[in-house]
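Lettering follows sequence order; numbering is per chain, from 1. Note that this is a predicted model, so its numbers are computed, not measured.
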Amino acid sequence: MARLSNGIKLNVGKEQMEEKYNPEQIELYWQKIWGEHNTYAVKEDRSKGKFYLLEMFPYPSGRIHMGHVRNYTIGDVVARYLRMTGKNVLHPMGWDAFGMPAENAAISNKTHPKTWVDNNIANMKMQLKRLGLSYDWDREVNTSLPEYYKWEQKFFIEMYKKGIAYRAKSPVNWCPHCMTVLANEQVIDGKCWRCSTEVIIEEREQWFLKITAYAEELLKDSDTLQGWPERVLTMQKNWIGRSEGCEIRFGIDGIDDELRIFTTRPDTVYGITFMSIAPEHPLVPKIITGKTGKTATAFVERIKKGGTKARAIETGEKEGVFTGRYAISPFTGEKIPIYIANFVLMEYGTGAIMAVPGHDQRDFEFAKKYGLDIKVVIQPGDQMLDPATMEQAYEGHGTMVNSAEFTGSDSEKGKKLVIEKVVRENAGCAKINYKLRDWGISRQRYWGAPIPVVYCERCGIQTVPYDRLPVELPMDVDITGEGGSPLAKHEKFLKTTCPVCGGPAQRETDTMDTFMESSWYFEKYTSPRATDGPFDKNALAYWMPVDQYIGGIEHAILHLLYARFVTKALRDLGYVQCGEPFINLLTQGMVIKDGAKMSKSLGNIVDPEYIIQKYGADTARLFILFASPPEKDLEWSDKGVDGARRFLDRVWRLVYKHIDRLKPAGTANIGIDDKSSVLRRLTHKTIKRVTDDIKDRFHFNTCVSALMEMLNSLYEMDEKGIEDKQMPAFREAIEVLLVLLNPFAPHITEQLNKELGDTPIVDRTWPVYSPELAYENTVTVVVQVNGKLRGQVSVPESSDENEVFAAASKDEKINSYIKGKQIRKLVLVKNRLLNIVV
RNA sequence: GCGAGGGUGGCGGAACUGGUAGACGCGCCAGACUUAGGAUCUGGUGGAACAACCGUAGGGGUUCAACUCCCCUCCCUCGCACCA
């Protein structure tokens, strides 16, 4: 077996062990050793089982925060544990280095984004190393480097050629002063967050990725993600928002056009009493007519001005206006009034709906407000609905009524039957709709990966040839934050030649959404220095998919959905073999202080660097793991940190106290006397507890508890005196304690292990639990009488109910509850409990 | 409104397939060592009308036995929120 330490040499027994635990000195020492020996570098090794363990890489904001410490410590425990179980563990780290904050910093401190980001990376890397995280730093990626985004540009071009990337007009938030697109969260009360200019919704040409083409697969495959938290899957499912129904075309009275609607309730078509269309619907100008025309136009203008967001906020109040036109029902031939309604969204379905106020609450409210007809076409089993007295729509299922030939059928079956009729009569088709929209990736920003496209006056849109990639982001730019993207003003970048005709052409100046870089970085880690292609195929095939992904719940939808999509797209481009990138996902909770999430804006942050300086990295790690199980929120407590440090001090002191006896003892000749056996029992019970909790449950807090209990017991035994003949067993206990504690507190354990003169823990294997050694021939059995705890007895292991009962009746206290009463039943839980029912 | 998760001492949290509720840590109390200790060690610590009683948000049920399973109610957190 290859030594992870790459030959760390120990100068055994030369120096006197320090009496006091000095974390800083020890931690810096071991971090230097690990760095010099490249201890955590890995290679593909088919003789070993691989494990790809990944934590979400950070945005290089400058300093790490407690959330990072928590995320990466959790990952590090798993990594260190798995290595000791013999797994070949890939545990990489890198930087999500493109994005807005770098540009904002450039504007406010006149630093170039690259300088800012590079400095931040250097600083944060130092901080991560100071935590003792076991990363293979040889695999570090920085998404803002051309050698990284070059491949992203290639993927983009290939996607374009396959029709996955396309250009289209779409409405965006646009600040006319800053001349840039703003993300939704950058629009505050309808105004630009930077200059307070009124933001307008503008149609702009944008690049999109066709994630909708994968909607069905993303949804279907989410059922295979057994290792994901249920709520993340639910969020994604809701986000994809699949709904089954049909599209129906209605004629429009008086003009040669048709109105297409989507419904999930074809069984209610005979209850249609009006139609509603979105204010933005393209047919609106065409169909507004007659006396109502002016009112309708004014209404449309008013609603449009409010913007989609404002409309969503004022929930409840439904408003609309009659267009003056009628649709023709393909079922009854009736004329149905067409309304424009504020609650109909252009973005979903066809932007038009059939209104069935009897069976849809929104339509019901609308109909009540404007005095429109309500028809009942579904009757529930238990009551008779009457349109005149209904107080709300009946949205459930039942029996179809007043529905021509469908009258009498079950509404669920009716859905199918109506769709069949619609298809037969050529009035529409069955249809599945998704809420998921295509992913707009254009950003009018400088600090991102350029979209590798040029615009030629003669040849139109042309992609950059592969041999001219990367399209490098120029460094000599003036970043003001005003007047649009600096790239659009950069002559040298902008002006280029058409790859087809050689004539003058302009480059695309939009850059890609930074979610693009984070959608494939985990694949890049498998072969970060590959230059012939984005990946080394063998390395990629060996490591992917990620076995365990760990990160914050805030990425439940965007990042995780994009990453799944891009992996599928890369699979279809022939790069990746797997369709799902992350087998298991752990979403860790937030770090809380004083009842609120730690954040700069709330001023309740605790700086990890300060904690490390004051207590040491091992203490910081231990506290964070001990305070709460990973998926729950963690309440920060300074006192709790003291407690973690106290524990490490106690470990140190116990070893220090006995170091002279421990060192020569060895573990070769462990005694078989009672005290030695007790020690070994303790050791092996702890191995089991820690291993079980770390293995599948990731309940590190209980692992730490078990180790604390073990230490407490060792102190207790020490109090009573440990004789020389028990030293081997004592030494075994200490060794095991150190190895079990090592994933949590790697430096102190490695140091104490060195003091004992053992091979480095990184080279050791995880201790194996021995049931024989943990076996106890006398067990304490709890005795209940009628389910109430009344005492306990000591009996030989595996005693049956009669034996335990016999022992119990000798106990005075227990006997007082059962004497003179008739024993009706004895319930025994072997070695644990006896319930005497009297 | 819909969906998911949660409610256990003064606090963070244990109790995994129903089997000693409160492990472990913090805090608190007492004692030891000490000129002193915010160091360390030892003991105690759910509540009480302290041997028997009551206690896992509240109410009911199943069971020899319920934090755990079932039904109802309340509260908190997160996500989605006119998606037709």
Side-chain angles (χ1 to χ4, degrees), chain A residues 229-239 241-243 245 261-265 268 276 278 311-318 341-345 347-356 359-363 365-366 433-436 553-554 556-557 589-590 592 622-623 626-629 631-644 646-647 649-650 653 689 692-693 696-697 699 701-712 715-716 719 780-792 813 816-817 824-830 832-838:
Chain A
E230 195 53 44
R231 64 177 178 141
V232 174
L233 293 174
T234 318
M235 277 191 227
Q236 292 207 351
K237 280 181 193 163
N238 291 341
W239 188 261
R242 180 187 199 271
S243 56
I261 63 98
F262 172 74
T263 183
T264 54
R265 290 297 300 271
T268 65
S276 303
R311 241 197 287 168
I313 288 163
E314 34 175 288
T315 49
E317 194 57 21
K318 291 181 177 45
N342 67 340
F343 67 90
V344 180
L345 307 172
E347 311 88 78
Y348 185 77
T350 60
I353 60 168
M354 58 176 218
V356 183
H359 304 288
D360 181 288
Q361 188 57 25
R362 292 156 305 182
D363 298 340
E365 285 167 32
F366 193 87
N433 244 314
Y434 300 93
K435 280 201 270 183
L436 185 68
I553 185 77
E554 64 273 21
I557 296 173
M590 294 183 296
I592 302 286
L622 196 70
F623 167 71
F626 177 60
S628 185
E631 64 285 357
K632 276 182 94 172
D633 285 350
L634 180 145
E635 177 86 30
W636 184 265
S637 149
D638 292 343
K639 293 285 185 189
V641 182
D642 286 334
R646 203 141 42 214
F647 169 67
D649 279 328
R650 274 161 63 80
R653 271 203 313 274
R689 285 178 66 187
D692 285 352
D693 282 354
D696 354 78
R697 301 206 309 154
H699 276 203
N701 54 335
T702 53
C703 295
V704 177
S705 295
L707 293 168
M708 286 175 167
E709 284 180 60
M710 179 176 179
L711 185 72
N712 289 346
Y715 263 81
E716 223 170 277
E719 185 79 3
T780 305
V781 173
V782 164
V783 181
Q784 296 181 336
V785 179
N786 286 345
K788 291 207 154 105
L789 177 68
R790 297 303 181 197
Q792 42 186 259
K813 190 181 154 193
S816 70
Y817 288 96
R824 291 179 43 211
K825 196 172 175 186
L826 293 175
V827 185
L828 181 81
V829 182
K830 207 155 237 184
R832 300 205 65 176
L833 175 141
L834 175 76
N835 191 10
I836 304 164
V837 186
V838 296

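Note on A:R650: a side-chain N or O is less than 4.0 Å away from OP1 or OP2 of B:rC41. The shortest distance between the side-chain N/O atoms of A:N712 and the OP1/OP2 oxygens of B:rC24 is not below 4.0 Å. An OP1 or OP2 oxygen of B:rC24 is reached within less than 4.0 angstrom by no side-chain nitrogen or oxygen of A:R646. Between A:S243 and B:rA84 there is a side-chain N or O to OP1 or OP2 distance below 4.0 Å. Taking 4.0 angstrom as the limit, A:R653 places none of its side-chain polar atoms (N or O) nearer than this to OP1 or OP2 of B:rU40.
Nearest to the side chain of A:V829, among B:rG19, B:rA84, B:rA15, sits B:rG19. Among B:rC53, B:rC16, B:rA84, the nucleotide with an atom closest to any side-chain atom of A:D693 is B:rC16. Counting only heavy atoms from C-beta on, A:F262 has its side chain closest to B:rA84 among B:rA15, B:rG19, B:rA84. The side chain of A:Q792 has B:rU20 as its nearest neighbour among B:rG12, B:rU20, B:rC82.
For B:rG37, there is no paired base (Watson-Crick or G-U wobble, both distances below 3.5 Å). Pairing of B:rU42, defined by two Watson-Crick or G-U wobble distances under 3.5 Å, is identified with B:rA30.
Within 4.0 Å (heavy atoms only), A:V782 reaches at least one base atom of the nucleic acid. No contact: A:P229 has no heavy atom under 4.0 Å from any strand. Counting non-hydrogen atoms under 4.0 angstrom, A:N835 reaches a base of the nucleic acid. Note on A:G643: only backbone sugar-phosphate atoms sit closer than 4.0 angstrom, heavy atoms only; bases stay farther off. Residue contacts shown for A:S637 are absent, as no nucleic acid heavy atom lies under 4.0 Å away. Residue-level contact check: A:Q361 touches neither bases nor backbone, having no heavy atom under 4.0 Å from any strand. Using a 4.0 Å heavy-atom distance criterion, A:D363 is classed as making no nucleic acid contact.
Remark: A:R790 CZ to A:N835 CG distance equals 10.5 Å, nearest 0.5 Å. Note that the CG atom of A:N433 and the CZ atom of A:F262 stand 4.0 Å from one another [nearest 0.5 Å]. The structure places CE of A:M354 at 3.5 Å from OG1 of A:T263, a figure rounded to the nearest 0.5 Å. Atom CZ of A:R689 sits about 14.0 Å away from atom NE2 of A:H699, to the nearest 0.5 Å.
Glycosidic conformation, B:rC33: anti, with the torsion outside 90° of 0. Annotated as anti: B:rG59, whose glycosidic dihedral deviates from 0 by more than 90°.
Nucleotides B:rC71 and B:rA14, compared at atom C1', are 28 Å apart to the nearest Å. Distance check on atom C1': B:rC64 versus B:rG79 gives 43 Å, rounded to whole Å. Between the C1' atoms of B:rG9 and B:rC67, the separation comes to 14 Å (whole Å). Comparing the C1' positions of B:rG58 and B:rG10 gives a spacing of 23 Å, expressed to the nearest Å. A gap of 12 Å separates the P atoms of B:rC11 and B:rG47, to the nearest Å. Across the P atoms, B:rC2 and B:rC82 are found 15 Å apart, a figure rounded to whole Å. Rounded to the nearest Å, the gap between the C1' atom of B:rG27 and that of B:rG13 is 14 Å. One C1' atom belongs to B:rC29, the other to B:rG46, and the distance between them is 16 Å to the nearest Å.
Side-chain atoms of A:K639 and base atoms of B:rC11 include no donor and acceptor less than 3.5 Å apart. On a pure distance criterion of 3.5 Å, no polar donor-acceptor pair joins the side chain of A:S705 and the base of B:rA14.
Heavy atoms of other residues, nucleotides or ligands lying less than 6.0 angstrom from CZ of A:R242 number more than 12.
Cation-pi geometry between A:K318 and A:F366 is not satisfied (NZ or CZ under 6.0 Å from the ring centre, within 45° of the ring normal).
Residues A:F623 and A:L634 meet the side-chain proximity criterion, which asks for heavy atoms closer than 4.5 Å.
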